[in-house]
Amino acid sequence: QVQLVESGGGLVQAGGSLRLSCAASGRTLSAYAMGWFRQAPGKEQEFVAAISRSGGSTYYADSVKGRFTIFRDNALNTAYLQMNSLKPEDTAVYYCAARYTAMLVTSKNSYDYWGQGTQVTVSS
């Protein structure tokens, strides 16, 4: 079992930045591919970014490409989502997820473990 806890959400003005963290416990995170998803009010959960187990491969949704960066520190058992140039449409609850695989995973149905989410609100 892996327990995931997100942090770092909050209220920020458009154009600002936030860094989300996803701390893992229970198992070493280096065995897991990681992903970030988000869900805005009234919308379905959507993929944001993913990173392979080693950190060597990353993939982003078109809506965040060039603005968000996913990375990980396996020594700290933590994954991150650096969000720059935030827009009001980035407002959502952000979730991290883990899957026991070396490969990069983009499908939410493929993930085994989820955090509880952290709220990100971007004001215009």
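These numbers come from a predicted model, not from an experiment.
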Do any side-chain atoms of residues 102-109 form donor-acceptor pairs under 3.5 angstrom with protein atoms, and if so which ones, sequence neighbours left out?
residue	atom	partner	partner atom	Å
S107	OG	N109	N	3.3

Taking atom types as modelled, find out whether Y94 and R38 have a side-chain donor-acceptor pair closer than 3.5 angstrom.
-> yes
Does V48 share a hydrophobic cluster with Y60, counting links as ILVMFWY side-chain heavy atoms below 4.5 Å and allowing steps through other members?
-> yes
Check: T28 and N77 side chains under 4.5 Å, non-hydrogen atoms | yes
Measure the shortest side-chain to side-chain distance between M34 and C22 over non-hydrogen atoms and say whether it is less than 4.5 angstrom.
-> yes
I need the [X] [atom1] to [Y] [atom2] distance, nearest 0.5 Å.
{"X": "L29", "Y": "L4", "atom1": "CG", "atom2": "CG", "result": "7.0 Å"}
{"X": "I51", "Y": "C96", "atom1": "CD1", "atom2": "SG", "result": "12.5 Å"}
{"X": "Q3", "Y": "Q116", "atom1": "CD", "atom2": "CD", "result": "12.0 Å"}
{"X": "M83", "Y": "I70", "atom1": "CE", "atom2": "CD1", "result": "12.0 Å"}

Is the shortest distance from a Lys or Arg side-chain nitrogen in K87 or D90 to a carboxylate oxygen in the other one below 4.0 Å?
-> no
Can you list the residues that meet the ring pair (Phe, Tyr, Trp, His ring centres under 6.0 Å) rule with Y80, with sequence neighbours excluded?
-> F71
Residues passing the ring pair (Phe, Tyr, Trp, His ring centres under 6.0 Å) test with Y32, sequence neighbours excluded, are Y100
Do F37 and W114 have ring centres separated by under 6.0 Å?
-> yes
List the atom of Y111, the atom of A33, and the distance in Å for their closest heavy-atom pair.
-> CE2-O, 3.9 Å
Knowing that exactly one of L20, T91, V93 qualifies, which makes a side chain to side chain contact (heavy atoms under 4.5 Å, CB included) with V120?
-> L20
T78 side chain vs L76 backbone, donor-acceptor pair below 3.5 Å | yes
